[in-house]
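Just so it is clear, the structure is predicted and the values come from calculations on it, not from any experiment. Letters A, B, ... are given to chains in the order of the sequence lines, protein chains preceding strands, and every chain is numbered from 1.
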Amino acid sequence: EDQVTQSPEALRLQEGESSSLNCSYTVSGLRGLFWYRQDPGKGPEFLFTLYSAGEEKEKERLKATLTKKESFLHITAPKPEDSATYLCAVRKAAGNKLTFGGGTRVLVKP
Amino acid sequence: DAGITQSPRHKVTETGTPVTLRCHQTENHRYMYWYRQDPGHGLRLIHYSYGVKDTDKGEVSDGYSVSRSKTEDFLLTLESATSSQTSVYFCATVGRDDSGYTFGSGTRLTVV
């Protein structure tokens, strides 16, 4: 059974305090690991797709990396506007469905 | 979100009544999905569609049915709503360029 586990569940940061979020997964035949940002009352917003171990992608203060068993979302020098819930999801080789982790709630205090 | 509209945005209904949620897309995407989001459970797939009249079950499909008679519309029906179906429901689509699944703004459903 596909499993996606995110840690920590919640993260409180001071503005400028860099940190990393973890997404560990077990899936037979990974065909993409996805990162999303979700603001309260809104739908998830796409950030990145990673396909193979060693791949990295960046967007502003966010950088996502992938290994064979986990992915990290690094937040460098975060700002209060980076406060959100970050979700990761995996898609297996067969089919076109996403399995999501429980998310990490990030609060960045000024 | 641009291209995906969910309706209604909020609904309160009574236990035992039927409820239909609508997802409308303007991108002509083949795949459409219904997820529910609950504290402690994250996003869970209810049903999905891979074309007109082609649908399949997700991991939490009991008590739900779907229909897709047109490419642009994907309907989720709760035949007889229960309090356990109180949740936020999201629709999503995915394009061919694999730029990521696009989600609607969600429908907050409360069953009293």
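In the displayed structure, Lys57(A) atom NZ is contacted under 6.0 Å by more than 12 heavy atoms of other residues, nucleotides or ligands. Arg37(A) CZ: more than 12 foreign heavy atoms inside a 6.0 Å radius. Applying the 6.0 Å contact sphere to CZ of Arg12(A) captures no more than 12 heavy atoms from other residues, nucleotides or ligands. Sparse packing is recorded around CD of Glu9(A), with 12 or fewer heavy atoms of other residues, nucleotides or ligands lying under 6.0 Å away. Applying the 6.0 Å contact sphere to CD of Glu14(B) captures no more than 12 heavy atoms from other residues, nucleotides or ligands.
For Arg9(B), the part lying under 4.5 angstrom from a heavy atom of chain A is the side chain only. Heavy atoms of Tyr35(B) lying under 4.5 Å from chain A belong exclusively to its side chain. Only the side chain of Leu45(B) comes within contact range of chain A, with heavy atoms under 4.5 Å apart. For chain B, the nearby part of Leu87(A) is the side chain; its heavy atoms alone come within less than 4.5 Å.
For the atom pair Tyr33(B) OH and Lys97(A) NZ, the distance stands at 9.0 Å (nearest 0.5 Å). In this structure, OG1 on Thr99(A) lies 12.5 Å from CZ on Arg44(B), to the nearest 0.5 angstrom.
Hydrophobic clustering keeps Leu47(A) apart from Phe34(A) (ILVMFWY residues linked when any side-chain heavy atoms are closer than 4.5 Å, directly or through intermediates). If you chain together hydrophobic residues whose side chains sit under 4.5 Å apart, Trp34(B) and Leu75(B) never meet in one group. When hydrophobic clusters are built by joining Ile, Leu, Val, Met, Phe, Trp and Tyr residues whose side-chain heavy atoms come closer than 4.5 Å, directly or via intermediates, Leu11(A) is grouped together with Val4(A). Under the 4.5 Å side-chain heavy-atom criterion for grouping Ile, Leu, Val, Met, Phe, Trp and Tyr, Tyr50(B) is not connected to Ile46(B) through any hydrophobic cluster. In terms of hydrophobic clustering, with Ile, Leu, Val, Met, Phe, Trp and Tyr side chains grouped at heavy-atom distances under 4.5 Å, Leu50(A) and Tyr86(A) are assigned to a common cluster.
Interface with chain B: from residues 19-27 of chain A, no residue qualifies, criterion being any non-hydrogen pair under 4.5 Å.
When atom types are taken as modelled, the side chain of Tyr36(A) and the backbone of Tyr101(B) share a donor-acceptor pair closer than 3.5 angstrom.
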Verdict with reasoning, Phe46(A) to Phe103(B), per ring pair (Phe, Tyr, Trp, His ring centres under 6.0 Å): CA-CA 9 Å; Phe46(A) 172 74; Phe103(B) 285 81; over 10 Å; no
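Heavy-atom pairs under 4.5 Å with chain B were tallied for Gly102(A), Gly103(A), Gly43(A); the largest tally goes to Gly43(A).
Looking at every heavy atom in both residues, Gln38(A) comes nearest to Phe90(B) through NE2-CZ, 3.5 Å.
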